Structure formats: structure tokens, C-alpha cells
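Encoded as C-alpha cells, here's the structure I'll be asking about.
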Amino acid sequence: MVATKGGDRVSGMIVETEAYRGPEDRASHAYGGRRTRRTETMYGIGGTAYVYFVYGMYYQFNVVTAVPEVPHAVLIRALQPVEGVELMRACRPGRPDVSLANGPGKLCTALAIDRSLDRADLLGDRVWIERGDRPVSAASIARGSRIGIAYAGEWARKPWRFWLKGNPFVSRRDGMPRHVRAGRKAGGGA
DNA sequence: CAAGTGATTAGC
DNA sequence: CTAATCACTTGC
């Protein structure tokens, strides 16, 4: 994934994504055919960016993937920095390189992605996706449930989060629910 | 683990 | 109009 900042390339290898299948997917902003000023972007043609603002401070970058009127999208959740690392560090001062873009909000900050890129054509010159240097085998991709959508009932259990096995730049360690703390309910995993 | 932050949304 | 929610991150 590449963005331009003042003519310079800032890029990273996509190492984690999540799929959102509106309108039936309860976790999707387009659930039930919801169509508002914000979600309208997802009803556009595949190959455009869906960028929105959440939690009062973060942007999220998605790729619209289907035909017009079918609101499917893929959230880009983490990048392994490749080009313009200095520029990313400037956007996220004090962070170690491994944490520059290992989360959907973080990568938008690192690449300076904001609402102005909502509906951007990914064949344009502001943000786009290129084929990587090496092919990625299916065997190297892990899948699991999506994050931050507990409200979505049975849809929350769909294994629609994908990441590169063992890659240190994903937002969470492989499959693990984020750091099992001592002191919480003992037991747990079967 | 919990607060923070403000756009977006549903519901009057 | 108002109140609740949220596809997250950071620091205690």
C-alpha cells in the first residue's frame, strides 16, 4: 500500500486485513442496507477508498471491493513499513518502528491518511495498492475473528480477519486475544 | 484496565 | 434537537 506525501512515497506491505460484507454482515457499517452520508462510499464501485473517523481521533482506511450498490469493503489493519519510514516516524514520534503502522488507526496516522481521501480512486495518485515484491502463499496467511465488533452477535465469530503468520507488524500476536494477564479469570482455553 | 475524543446515528 | 455509540490507542 502506497500513499504520497509532498511527492514522496510512503509505503508498507499489508500484513493484516478484515472483510466486511454488507448488507447482511451485522458488523458492517452498511448492515441492513444502512445508507448515510458516511456509508454512501461503500455503495460505490470497487477500487475506491472508504475512509472514516472513529473514536474522536482516528481514521480508518478501507478498500471498497464490489460492484456499485453492493457495500462490501476490506479494512486495512496493519502495515510493515517499507518506504518513507522517516516520514512515518515524523507522524508518530517516539514510537518504535514496529509500532508505526501496526493498527488501523496507527497506519492512517503514519501515512497521513484522513477524510480527504474518502472516495479516492485507488488508480489515482494519492493512495493506491501495488503488487508486492514476492508472492504470498496461501499457507502463510492466518485467519481469525475480527476485532472490535463484539456487538455483532454471531457475525463477530466469522473468521474474516486475515494476517501474515508470525509477522511482527500485525496488530496482535497470532490469534491471541491480546496479552493474557495474570489476575484475570484463571483457566480459559481448553 | 479505563479514559479520551468528536463525528455519526437513531430516536424524539 | 439530544443522547448513545463507536471496524481504536495510549497510559495508568
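Values in this document were obtained by computation on a predicted structure and should not be read as measured data. Just so it is clear: chains get the letters A, B, ... in the order the sequence lines come, proteins before strands, and each one is counted from 1.
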How is Leu75(A) classified with respect to the nucleic acid when contacts are heavy atoms under 4.0 Å: base, sugar-phosphate, or nothing? base
Shared hydrophobic cluster, Met57(A) / Phe61(A) (ILVMFWY, side-chain heavy atoms < 4.5 Å): no
What is the separation between atom CG on Asp118(A) and atom C1' on dA7(B), rounded to the nearest whole Å?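 Result: 13 Å.
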Sort out for me which residue in Val10(A), Leu100(A), Leu111(A) forms a side-chain contact (heavy atoms from CB on, under 4.5 Å) with Leu79(A).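 Among the candidates, only Leu111(A) passes.
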Same cluster or not: are Leu107(A) and Met13(A) linked, directly or through other Ile, Leu, Val, Met, Phe, Trp or Tyr residues, by side-chain heavy atoms under 4.5 angstrom apart?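 As far as the 4.5 Å side-chain criterion goes, Met13(A) and Leu107(A) are not connected within one cluster.
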OH of Tyr31(A) versus P of dT8(B): gap in Å, rounded?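 So the OH-P distance, Tyr31(A) to dT8(B), works out to 23 Å.
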Electrostatic pair Lys158(A)-Glu18(A), nearest N-O below 4.0 angstrom: no
With sugar-phosphate meaning primed atoms plus P, OP1 and OP2, does Arg77(A) contact a base, only sugar-phosphate, or nothing at under 4.0 Å between heavy atoms?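 Sugar-phosphate, no base atom in range.
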Salt bridge check, Glu86(A) against Arg89(A): does any charged N sit closer than 4.0 Å to a carboxylate O?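 Result for this pair is yes, salt bridge flagged.
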Using whole Å, what does the distance between atom C1' of nucleotide dT8(B) and atom CZ of Arg115(A) come to? 9 Å
Is the distance from OP1 or OP2 of dT10(C) to the nearest side-chain N or O of Tyr58(A) less than 4.0 Å? no
Name every residue in residues 93-109 of chain A that has at least one heavy atom under 4.0 Å from any atom of DNA chain C, in order of residue number, or write none if there are no such residues.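 Close to the strand are Arg95(A), Gly103(A), Pro104(A), Gly105(A), Lys106(A).
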Just to be sure I understand the rule, does Phe53(A) reach a base, reach only the sugar-phosphate, or reach nothing, if contact means heavy atoms closer than 4.0 Å? sugar-phosphate
Rounding to a whole Å, what distance do you find between Asp114(A):CG and dT5(B):P? 20 Å
Nucleotide dA7(C), atom P - distance to CH2 of Trp155(A) in whole Å: 16 Å
Any base atoms under 4.0 Å from Thr36(A), or only sugar-phosphate, or nothing? Heavy atoms, all strands. sugar-phosphate
Without decimals, in angstroms, what is the distance between His29(A) NE2 and dA7(B) C1'?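 So the two atoms are 11 Å apart, to the nearest Å.
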Where each residue is assigned the nucleotide of DNA chain C containing its nearest heavy atom, which of Arg92(A) and Tyr151(A) is assigned the position nearer the 5′ end? Tyr151(A)
Quick one: does any side-chain atom of Thr109(A) pair with a main-chain N or O of Arg92(A) as donor and acceptor, under 3.5 Å?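 Flag not set: sc Thr109(A) to bb Arg92(A) has no pair under 3.5 Å.
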Please answer whether dC8(C) and Tyr55(A) are stacked, defined here as ring centres separated by less than 5.5 Å and planes angled under 30°.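 Check passed, Tyr55(A) stacks on base of dC8(C).
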Is there a donor-acceptor contact under 3.5 Å linking the side chains of Gln60(A) and Tyr58(A)? no
Assign the ring pair Trp160(A) / Trp155(A) to parallel, tilted or perpendicular, where the plane angle (0 to 90°) is split at 30° and 60°.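 Judged by the thresholds at 30° and 60°, the geometry between Trp160(A) and Trp155(A) is tilted.
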Does anything in residues 65-73 of chain A reach DNA chain C, meaning a heavy atom under 4.0 Å, and if so which residues?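 Close to the strand, none.
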N/O donor-acceptor pair under 3.5 Å between His72(A) side chain and Gly22(A) backbone: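 A pair under 3.5 Å: yes.
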Whether Arg38(A) contacts dT9(B) is assessed here as follows: a side-chain N or O lying under 4.0 Å from the phosphate OP1 or OP2. Is that the case?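 So the side chain of Arg38(A) is within the cut-off, an N or O lying under 4.0 Å from OP1 or OP2 of dT9(B).
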With no angle test and no hydrogens, is the base of dA7(B) tied to the side chain of Tyr52(A) by a donor-acceptor pair under 3.5 Å?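 In this structure, the two groups form no donor-acceptor pair.
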Using 30° and 60° as the class boundaries, would you call the ring planes of His29(A) and Tyr50(A) parallel, tilted or perpendicular?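 His29(A) and Tyr50(A): perpendicular rings.
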Under 3.5 Å side-chain donor-acceptor pair for Ser171(A) and Arg77(A):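 The answer is yes; a qualifying pair exists.
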Is it the case that the side chain of Arg115(A) and the backbone of Tyr59(A) share a donor-acceptor pair, with hydrogens and angles ignored and the cut-off at 3.5 Å? no
From the options Arg161(A), Lys106(A), Arg146(A), select the one residue that forms a salt bridge (charged side-chain N to carboxylate O under 4.0 Å, His left out) with Glu16(A).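 Exactly one option meets the salt bridge (charged side-chain N to carboxylate O under 4.0 Å, His left out) with Glu16(A), and it is Arg161(A).
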Checking all strands, does Glu18(A) fall into the base, sugar-phosphate, or nothing category for heavy-atom contacts under 4.0 angstrom?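 No contact.
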Could you check how far CZ of Arg35(A) sits from P of dT9(B), rounded to whole Å?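 Nearest whole value for this atom pair: 13 Å.
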Canonical and wobble pairing (Watson-Crick, G-U, under 3.5 Å) of DNA chain B, dot-bracket with |: ||||.||||||.
Spacing between Glu16(A) atom CD and dC8(C) atom C1', to the nearest angstrom: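 Distance check: Glu16(A) CD to dC8(C) C1' gives 13 Å.
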